[in-house]
Amino acid sequence: MNKKRIGFFGGSFNPIHVGHVLLAKALLRAVKLDEVWFVVSPLNPFKYHSTSLLEDSKRLEMVKIVLEGEKKFKVSDVEFNLPKPSYTINTLHYLSKTYLDDDFILLIGADNWVAFDRWNGHEQILHDYEIAIYPRKDIYIDVTQLPQNVCLVDTPLLNISSTEIRKKLKSEQSIRGLIPDSIYDKVIKYYKE
């Protein structure tokens, strides 16, 4: 039996935006995945002191709303129940032991790849998992230097970020078109509270 190929798409999704969804669709095709799991992180070790992080349940709720009806996308709160801070190595190992019929492929941006040697357990991740890197603006990746199980994927370069959305909200600028309409009212409400 062939194992299912699951893309592990982790992030704070603070908030989830149209770029996340478009990117996941492109990765699904480009990396030949069966599914993409949006793993909502309660605490990113690199954003450890972030005060602009909306509470976990609200970010999870919005991801669920956005992905409703998307058959190949799943929402996971697995990291909510694992030790904090949430290290990807721990989550990947937990998922691999729990879902024995699935292979997990780590999906990360080029910005994360250039800092990958600072990740907790990065050597173990490289040893145990396939990694697909998607491009980020102004970050060059030399594909000739990538390990055998790591690839740079040709996906659209989407210049949208959750940080930009939060800044626009703070300065009362429009965020229409940057976030899915299904969560527009919730984003306005939650980030103004």
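Predicted model only: the values in this text are computed from it and were never measured. Heads up: numbering here begins at 1 and tracks the sequence.
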- Message: Leu33 vs Val36, test: side-chain contact (heavy atoms from CB on, under 4.5 Å). Steps then yes/no.
- Response: CA-CA 7 Å; Leu33 301 170; Val36 173; 3.9 Å; yes

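- Aromatic ring centres of His20 and Phe38 lie farther apart than the 6.0 Å criterion allows.
- For the pair Ile188 and Ile175, the tightest heavy-atom approach, listed with the atom from each and the gap, is CD1-CD1, 4.1 Å.
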- So Lys167 and Thr163, side-chain contact (heavy atoms from CB on, under 4.5 Å) or not? Walk me through it. CA-CA 6 Å; Lys167 280 182 185 162; Thr163 307; 4.2 Å; yes

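- Taking CG from Asp102 and CD1 from Ile6, the interatomic distance works out to 4.0 Å, rounded to the nearest 0.5 Å.
- In summary, the side chains of Asn149 and His127 do not present any donor paired with an acceptor at a separation below 3.5 Å, with no hydrogens or angles considered.
- Nearest approach of Pro15 to Met62, heavy atoms of both residues: CB-CE, 4.1 Å.
- Atoms OG1 and CZ, on Thr155 and Arg136 in that order, are 9.5 Å from each other to the nearest 0.5 Å.
- Residues Asp34 and Lys72 fail the side-chain proximity criterion, which asks for heavy atoms closer than 4.5 Å.
- In this structure, Leu22 and Leu158 have side chains that are in contact, with non-hydrogen atoms separated by less than 4.5 Å.
- Using a 4.0 Å cut-off between charged side-chain N and carboxylate O, Lys186 and Glu61 make a salt bridge.
- Here the OH atom belonging to Tyr87 is positioned 15.0 Å from the CG atom belonging to Leu92, to the nearest 0.5 angstrom.
- Under the side chain to side chain contact (heavy atoms under 4.5 Å, CB included) rule, Phe8 has a single partner from Leu107, Thr88, Ile108, which is Thr88.
- No continuous path of ILVMFWY side-chain contacts below 4.5 Å connects Leu157 to Val21, so the two sit in separate hydrophobic clusters.
- Around the OH atom of Tyr184, the shell of radius 6.0 Å holds more than 12 heavy atoms that belong to other residues, nucleotides or ligands.
- Between Glu35 and Lys71, no side-chain nitrogen of the basic residue sits less than 4.0 Å from a carboxylate oxygen of the acidic one, so the salt-bridge criterion is not met.
- For the pair Val40 and Asp77, the minimum side-chain heavy-atom distance is 4.5 Å or more.
- Of the charged side-chain nitrogens involved, none lies within less than 4.0 Å of a carboxylate oxygen, so that Asp103 and Arg5 do not count as a salt-bridged pair.
- Atom CD of Glu123 is surrounded by 12 or fewer heavy atoms from other residues, nucleotides or ligands within 6.0 Å.
- Atom OG of Ser76 and atom CG of Asn81 lie 9.0 Å apart (nearest 0.5 Å).
- Counting heavy atoms of neighbouring residues, nucleotides and ligands inside a 6.0 Å radius, atom NZ of Lys192 exceeds 12 of them.
- In the displayed structure, Lys64 atom NZ is contacted under 6.0 Å by at most 12 heavy atoms of other residues, nucleotides or ligands.
- A centroid separation of less than 6.0 Å is found between the aromatic rings of Trp37 and Tyr99.
- In this structure, the side chains of Ile165 and Ile160 come closer than 4.5 Å at one or more pairs of heavy atoms.
- One distance of note links CG of Leu146 with CH2 of Trp113; it measures 6.0 Å at 0.5 Å rounding.
- Between Ser41 and Phe80, the shortest heavy-atom contact is C-CE1, 4.4 Å.
- Checked by atom type and distance alone, the side chain of Lys3 pairs as donor or acceptor with a backbone atom of Leu100 at under 3.5 Å.
- Nearest heavy-atom pair, Ser162 versus His17, reported as atom, atom and distance to 0.1 Å: OG-CD2, 3.5 Å.
- Seen from the ring of Tyr191, Arg166 does not count as a face-on cation partner, given the 6.0 Å and 45° thresholds.
- The two residues Lys84 and Pro42 make their nearest non-hydrogen contact at CE-CG, 3.5 Å.
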- Message: If you apply the rule side-chain contact (heavy atoms from CB on, under 4.5 Å), what do you find for Ile125 with Trp119, and how did you get there?
- Response: CA-CA 9 Å; Ile125 295 173; Trp119 284 34; 4.1 Å; yes

- Task: Determine, step by step, whether Ser12 and Leu53 satisfy the side-chain contact (heavy atoms from CB on, under 4.5 Å) criterion, reporting the C-alpha distance in whole Å, the side-chain angles of both residues, the deciding distance to 0.1 Å, and the verdict.
- Result: CA-CA 8 Å; Ser12 53; Leu53 193 63; 3.8 Å; yes

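- When every heavy atom of Gly109 is checked against every heavy atom of Ile133, the shortest pair comes out as C-CG2, 4.0 Å.
- Between Tyr134 atom OH and Ile139 atom CD1 the span is 10.5 Å, to the nearest 0.5 Å.
- The neighbour count for Asp154 CG, taken as heavy atoms of other residues, nucleotides or ligands under 6.0 Å away, does not exceed 12.
- Side-chain atoms of Leu178 and Glu164, non-hydrogen and from C-beta on, do get closer than 4.5 Å to each other.
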